[in-house]
Enquirer: 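This is the structure I have questions about; it appears just below.
This structure is a prediction, so every number in the text was calculated from the model and none was measured.
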Amino acid sequence: MTQLRRKDVLGLQEMSKEEIQLILDTAESYKEILSRPVKKVPILRGKSICTLFYENSTRTRCSFELAAKIMSADTTAVSTAGSSIQKGESFKDTLLTLEAMGMDLFVIRHSASGAPHFAAKIVKSSVINAGDGMHEHPTQALLDMLTICQNKGQIAGLKVLIVGDIMHSRVARSNIWGLSKMGAEVRICGPRTLLPAEIDKLPVKVYDDLDRALDGVDVVNVLRIQLERMNKGFFPSIREYSTLFGINKARLRRAKSDVLVMHPGPMNRGIEITPDVADGEFAVITDQVTNGVAVRMALLYLLLGGSGHVDST
Amino acid sequence: MWILLKGGYVVDPSQDYSGVADVLIADGVIAVIVERIEQPSSQSILAQTKLDEKDGQIFDCSGLVVCPGLVDMHVHLREPGYEHKETIETGSRAAAAGGFTTVLAMPNTMPVVDNGAVVRYVLERGKEAVVRVYTAGAATKANAGTEMAEIADMVEAGALAVSDDAFPIQNADLMRRVMEYSKMFDIPVLTHCEDRSMTQDAIMNEGVVCTILGLRPWPRQAEEIMIWRNILLADLTGCKIHIQHITTRGGVEAVRWAKSRGIPVSCETCPHYFSLTDEALMTFDTNAKCCPPLRTADDVEAIKEGLADGTIDVIATDHAPHAQEDKEVELQEAAFGMVGLETAVPLVITNLVKPGIMTIEQAIYRMTSQPARLLKLPVGTLAKGSVADITVLDPNAEIVVRNEEFKSKGHNTPFEGWQLFGRVAATIVGGRIVSGALRPVRVKNGC
């Protein structure tokens, strides 16, 4: 497989193993560009990319913009604050307006699950889901997998634990689909109140006890615990959450000796992860961020079918 | 003025009658049903009933089902206040097109139907409609769920029931008082069962599909807890309650238990709850978003069992028209509900009658004399002397659902493009064909 035969990238549930492999391989080859002194290639010159963010974001948005700029595409950033969205313009009309300006690709972040799918039906341009509600965050899972590949050589056969607020996490869902398709054993662990119904019908092993869940794992992906969940009664206190589900050095000893610790950010240091682990030898959290740019470059290339080659400068 | 419907398969559950027969309508009422055992000539029937041959018409109904006009005890006509979604007039045309001759409008309009004046307004507007329009009153003032509405005033004005549809009463003590009070007027309390504390921002049935899609879950228990609460309150008060749009196996079992104990409870379901599951939302189709939500295949099975064994008394549509802009948005922003009047008959025939879940007689029973009985309306029957509200169906016709053909202002159906069996050939209200057409027969040796 040498190209993605699809208009949009909306989620990993709908993607094949071959497509995921293609994206990871392409991203790996693009990573080299990021270490060049002059980070600019003309691959997407003349293409217009719109980042349309209905939710706050630092890393995902910057990562997409940087990826586009490195490839010489023109980027336009639209967010809810200061746009016609605040005047009550509907999502549909916003999309049609921006498409009429000639956008070739939309990167969409939205608090409503399915919003990028809705957008993909409205516009003829490509759509990349940059996180929709609690549904999927495919580029995050792709960069997580790229990070695992780089450190472990492959994904198949690994044991990967995702710990934390699974219910509200689009990162967890995309990782479950992606990792299981690539042949990993996916474990999840978190308070029962933050596990969605019938999660066991997905390709995962569910654990209540973090120590058991950590037993012999190759990778731990620690999810951010949103502090407002506490006020809605999903767990009684930060203290109790940390005690039961916080990742610390002592706990990590149950994992494999070369365990990778990942976190999609932003981190709550001292809550779901202790600072010594976050900054420690097992953590690859900043590598994830770098890989995020490479993965997004790969996707932009694969969807917009740039004319140039990676090595043409 | 007379009409003779000739040679149809006449089904009248109110008289436990079905068979090939002619139905004679004279001056807007049912004159006689004559079995065609010996093929009596039309003239002889007319002679027997002393009608003028020239003053009427004969229609060939062979191959068609002739039944009482269908009664839908759960529709949203949106007037007053939301006329951009539907009006009483357009809603009544949709009803006629779908074979319904009587509808009961829900009170969640703007203003809310919570006093006699608004009841009179709806009924007054209903007089200009092509089918019979009745209304339920809101159980609480402004549907706020805090103070009982003036139920006596509304009953006096013509409300046939009270309902908390769309705004389920959360306070058990208030619900008890509403039931006790309503019992004085011998009207049913129609109740939308939903424990709102469990359905905050909820979009769809809790389960694996919801988990995959990352949507806020609407657990079945939110419905079942309220069904049980209201059953217990009906037992306490002796008030007749009617559970609206039941969707779950547990709900059906609760009603079955209540009926076995003699508690005065009835219930309805809607065609979408036996035609679709929550998987219809896999594409984030806003037209499949409804309240209560679509459930699972096991629930669909239980709904069909409940319909077959009579636990579920009524098939209603919960016709919920919305404007395009209410549905052409992100799923979580989209309005709840789907139109139902113009797809009910084909869905019932295709999904219940054709697969043998129930006979056409049983299906018609749940759409005619059962709702009429619960609302104490003298319709839903072909008994001699009753108003000639009649629906003529072609159960074998194959149709394709095309929402652009709907008479309703609402085009919000998840069944667009579905190929189904069953067509409404004609709808007759008070002896007049208000929708569809029938094959005229030329009278031999006569005019």
Enquirer: Does any backbone or side-chain atom of R170(A) lie under 4.5 Å from a heavy atom of chain B? Answer side chain, backbone, both or neither.
Expert: neither
Enquirer: Going by heavy atoms in the side chains, are Q332(B) and S111(A) under 4.5 Å from each other?
Expert: yes
Enquirer: Decide yes or no for H168(A) and R216(B): does some side-chain heavy atom of the first lie under 4.5 Å from some side-chain heavy atom of the second?
Expert: yes
Enquirer: Considering only heavy atoms, which portion of I203(B) lies under 4.5 Å from any heavy atom of chain A: side chain, backbone, both, or neither?
Expert: neither
Enquirer: On the 0 to 90° scale, with breaks at 30° and 60°, tag the H117(A)-F284(B) ring pair as parallel, tilted or perpendicular.
Expert: tilted
Enquirer: Roughly how far, to the nearest 0.5 Å, is CG of D132(A) from CG of L331(B)?
Expert: 11.0 Å
Enquirer: More than 12 heavy atoms of other residues, nucleotides or ligands under 6.0 Å from NZ of K7(A): yes or no?
Expert: yes
Enquirer: Please report the interatomic distance CZ(F91(A)) to CD(E333(B)), rounded to the nearest 0.5 Å.
Expert: 10.5 Å
Enquirer: Counting only heavy atoms not in R212(A), do more than 12 fall under 6.0 Å of its CZ?
Expert: no
Enquirer: Flag the one option from M134(A), K92(A), H110(A), K121(A) with the top tally of heavy-atom pairs under 4.5 Å to chain B.
Expert: M134(A)
Enquirer: For atom CD of E279(B), decide whether the heavy atoms of other residues, nucleotides or ligands shown that lie under 6.0 angstrom number more than 12.
Expert: no
Enquirer: Should S113(A) and L215(B) count as side-chain neighbours, where that means a heavy-atom distance under 4.5 Å?
Expert: yes
Enquirer: Just wondering, more than 12 heavy atoms not from N171(B) lying within 6.0 Å of its CG?
Expert: yes
Enquirer: Using the side chain to side chain contact (heavy atoms under 4.5 Å, CB included) rule, take I212(B) and W177(A) through it: C-alpha gap first, then chi angles, then the decisive distance, then the call.
Expert: CA-CA 10 Å; I212(B) 288 171; W177(A) 295 122; 3.8 Å; yes
Enquirer: Answer with side chain, backbone, both or neither: which region of V208(B) has an atom nearer than 4.5 Å to a non-hydrogen atom of chain A?
Expert: both
